[in-house]
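Worksheet: one structure, shown below.
Just so it is clear, the model here is predicted, and its values are computed rather than measured.
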Amino acid sequence: MKLILLGAPGSGKGTISEVLRDKLHLFHISPGELLREEVRKETTIGKEIAKYIEKGELVPNKFVVEMVRLEINSKKNFVLDGFPRSVEQAEEIKDIKVDAVISLEVPEEVVIERFSGRRTCPKCNAGYHIKYLPPKKEGICDKCGTKLIQRKDDNPATVKERFRVYYEETAPLVEYYAKKKLLHKVDASPAPERVEKSVLELVKKLKKTRKVKKRSPV
Ligand code: AP5
């Protein structure tokens, strides 16, 4: 399966991608994580892109598109988490055939409180929430035992800008992929386990449809 996950900041793209990786063995590609890794390593590119991430703006395509292409390269199964983020980026990868685009739908007022409680592992990138998805031991990653951190861009001013950019640049992709008959909407407001169940059921259905299509004569 080749999937794209669309959704506003905090809609749960990272959380659902981890589920798809762990349960369905899809390769998780997160440009957000790849970019933050460059920032952490303080590479020349990292220093340049940090300015955009800290302001909540999109990092210019010259840094992102090739990076994503290299990751996708020859992978048969993947979930793209947070790419494309504009119609321009979608056009850049239109030669890559995907099976479906899943849009995680959740109102801004529901996700806004997710940011203050989000905790992330700087080593293995696992995501948590102090109330909705707490780690077993407070402040420590379940998977690798590293101390969890809060993301720099989760402060209220940057979150506001990330939403502005989302409405302006990313939201038009819902219509873009609907026209291509690839779009599937999932309500991402309920608790994580319920969203997980909805997405897994949807992917199961998509797999079945794909098998039937492959079997039917052309
Ligand atoms: P990125 O890291 O992709 O951030 P984002 O899109 O703003 O999304 P988030 O990671 O904030 O949220 P999410 O939807 O993954 O939610 P999560 O699962 O963590 O990008 C960051 C920056 O990188 C961008 O601003 C930009 O600068 C740059 N960038 C990235 N991609 C780019 C691109 N293509 N082009 C240019 N620039 C790019 O969940 C959020 C919290 O809620 C967590 O704490 C989680 O535990 C909790 N949670 C999840 N689901 C639920 C639920 N159902 N109920 C309650 N809590 C939940």
Taking atom NZ as the centre, does Lys75 end up with more than 12 heavy-atom neighbours from other residues, nucleotides or ligands that are less than 6.0 angstrom away? yes

Has Glu138 got more than 12 heavy atoms of other residues, nucleotides or ligands less than 6.0 Å from its CD? no

Ion pair present between [X] and [Y], side-chain N to carboxylate O less than 4.0 angstrom?
X      : Y      : result
Lys13  : Asp81  : no
Glu193 : Lys197 : no
Glu42  : Lys47  : no
Lys143 : Glu18  : yes
Lys51  : Glu57  : no

If you draw the axis of the six-membered ring of Phe78, does the NZ or CZ of Lys2 fall within 45° of it and under 6.0 Å from the ring centre? no

Taking C-beta and beyond as the side chain, do [X] and [Y] meet within less than 4.5 Å on heavy atoms?
X      : Y      : result
Tyr176 : Val101 : no
Val174 : Lys185 : yes
Pro9   : Val111 : no
Val106 : Asp187 : no
Tyr167 : Glu108 : yes
Gln89  : Phe83  : yes
Thr44  : Glu48  : no
Ser17  : Leu5   : yes

Where do Asp95 and Arg69 land on the salt bridge (charged side-chain N to carboxylate O under 4.0 Å, His left out) test, with the steps shown first? CA-CA 11 Å; Asp95 57 303; Arg69 273 196 171 277; 2.6 Å; yes

Report the C-alpha distance between Glu161 and Lys55 in whole Å, list the side-chain angles of each, state the deciding distance to 0.1 Å, and finish with yes or no for salt bridge (charged side-chain N to carboxylate O under 4.0 Å, His left out). CA-CA 7 Å; Glu161 178 62 7; Lys55 280 194 262 175; over 6 Å; no

Please find the pair of heavy atoms, one from Cys144 and one from Lys123, that lie closest to each other, and give the distance. SG-CB, 4.0 Å

Judged by atom type as modelled, is there a donor-acceptor pair below 3.5 Å linking the side chain of [X] to the main-chain atoms of [Y]?
X      : Y      : answer
Arg85  : Gly82  : yes
Arg119 : Ile149 : no
Thr43  : Val39  : no
Asp142 : Lys136 : yes
Ser86  : Thr170 : no
Arg194 : Ala188 : no
Lys147 : Cys141 : no
Asp153 : Gly56  : no

Cluster link [X] to [Y], ILVMFWY, side chain under 4.5 Å:
X      : Y      : answer
Ile4   : Val165 : no
Val203 : Leu26  : yes
Leu173 : Leu80  : yes

Any side-chain donor-acceptor pair under 3.5 Å between Glu105 and Ser103? yes

Examine the side chains of Glu92 and Asn61 and answer whether a donor and an acceptor come within less than 3.5 Å of each other. no

Between Glu201 and Lys205, does a salt bridge (charged side-chain N to carboxylate O under 4.0 Å, His left out) hold up when you go through it step by step? CA-CA 6 Å; Glu201 277 170 9; Lys205 254 193 233 162; over 6 Å; no

